[in-house]
Amino acid sequence: MNYVINEASAGFEEKNDAFITVKPAKKDFGTLINLKSSVEKQYGTHIKNLISKILREKNYTDVIVDIIDKGAWDYTLIARLVTALERGNLK
Amino acid sequence: MSIIDDAKMRLRRTMMFVPGNTPKMINNAALYGADTLMFDAEDAIAISQKDSARNLIKYALQCLPFPCETAVRINHITQTPYGIDDLKAILPSKPNLIRLPKTESVEEVQIATNMIEKTEIKENMKKGSINIICAIESVRGLYEVQKIAKEPRVIAIALGGEDFIADLRTQRTLGGIELYYARSEILMAARDAGIQAIDTVFADVYNTDGFKAEVTRSKDMGFDGKSVVHPLQIEIVHEIYTPSKEEIEHSLRVLTGYKDAIDNNRGVLAVDGKMIDGPIVVRARRIVDQAIAAGIIKRKDIQHEK
């Protein structure tokens, strides 16, 4: 399993982008995704599913993910999450 | 022909720079019809965002179906701490080209080549799926360009004019005298190696007349294409690189006559009253390819292709 060591962010609050923050959570907390999105009604579930899938693929747990989304496409959400996780994992 | 040879011939009238950390620009990049999209992880990206741009380019290449050639300008692989990480992250996403910035030695090219070859094997890609374009941006690089151009994965040399003139301690002029020697040298080295030469960017986006004059001049010198920084520049370059109706018709006659001569074992060939030989056929083929790329004629309608 991988864990976030420090709180870290990636991305920008700009059109077609997302500002994603990852925070360490207590042991056995699992994952929590907080989403604020300009397209939440249409894509909220899709975005949360996508983020969960990437966390699983990258073997991350006990993490809180805050997303401020401004209409980012999937590849952007993935890239911003992965960058935040990498930054949060730096010792 | 190998796929590396194909890559050396591919039409590259325009290579458009796209900042690698701006999703809005990446999303729209393919709409403007550039022959190559050049995602930039280098000069357009702040030091604090190198990791972020690297990942954005990586996942864009994996997820978006770009309809054209894709290239990534990575950071320098020996002069910065980012270049090797750029390659590690981006190569498995299979861009068509890696642009090495500020190339100054054969060794740099070989480091990139080795990493590309390893990735191709690991990812089960055909050899030659990913190739290299080297940017010459310093006098030292220019003095090495003949060797650099002959490296087996290098399919084009680009001039990076802004850094080059800084190295020369001069400035850009509309006449371009300051870059004349560099352009000539790069072009000769590229032709000697059988690869393409791509001219530097013209940063003053709204100076259309100045841009047209520069593109016309570099096309007349022999350059295969131009790096562009704005979608507005694409159509202008494509227009200048589009052959005239007369040129296309003559070229089609040359190719049809050539095919006829080969099919009938005839050694001597004349079209429009002129003797036709090897170089004229090569030029005719280039003109027809440019006309097809510009959408003026279709490959399926061409007599000699049937």
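None of the values given here were measured: they were computed from a predicted structure. Residue numbers begin at 1 in each chain, while the letters A, B, ... track the order of the sequences.
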Asks: Shortest non-hydrogen contact from A:Arg87 to B:Ser52?
Replies: NH2-CB, 3.6 Å

Asks: Just verifying a value: how many Å separate B:Leu56 CG and A:Ile78 CD1, rounded to the nearest 0.5 Å?
Replies: 10.5 Å

Asks: Determine whether more than 12 heavy atoms belonging to other residues, nucleotides or ligands lie under 6.0 Å from atom CG of B:Asn124.
Replies: no

Asks: Answer yes or no: are there more than 12 heavy-atom neighbours, outside A:Tyr43 itself, under 6.0 Å from its atom OH?
Replies: no

Asks: Is it the case that more than 12 heavy atoms not belonging to B:Gln110 sit under 6.0 Å from its CD atom?
Replies: yes

Asks: Which answer fits A:Asp17, side chain, backbone, both or neither, if we ask what part of it has an atom under 4.5 Å from a heavy atom of chain B?
Replies: both

Asks: Please classify the contact between B:Gln49 and chain A as side chain, backbone, both or neither, with a heavy-atom cut-off of under 4.5 Å.
Replies: both

Asks: With a 4.5 angstrom heavy-atom cut-off, is it the side chain or the backbone of A:Glu14 that approaches chain B, or both, or neither?
Replies: neither

Asks: OH of A:Tyr75 to CG of B:Asn55: how many Å apart, nearest 0.5 Å?
Replies: 12.5 Å

Asks: Heavy atoms under 4.5 Å from chain A: which residues of residues 12-27 of chain B carry them?
Replies: B:Asn21, B:Pro23, B:Lys24, B:Ile26, B:Asn27

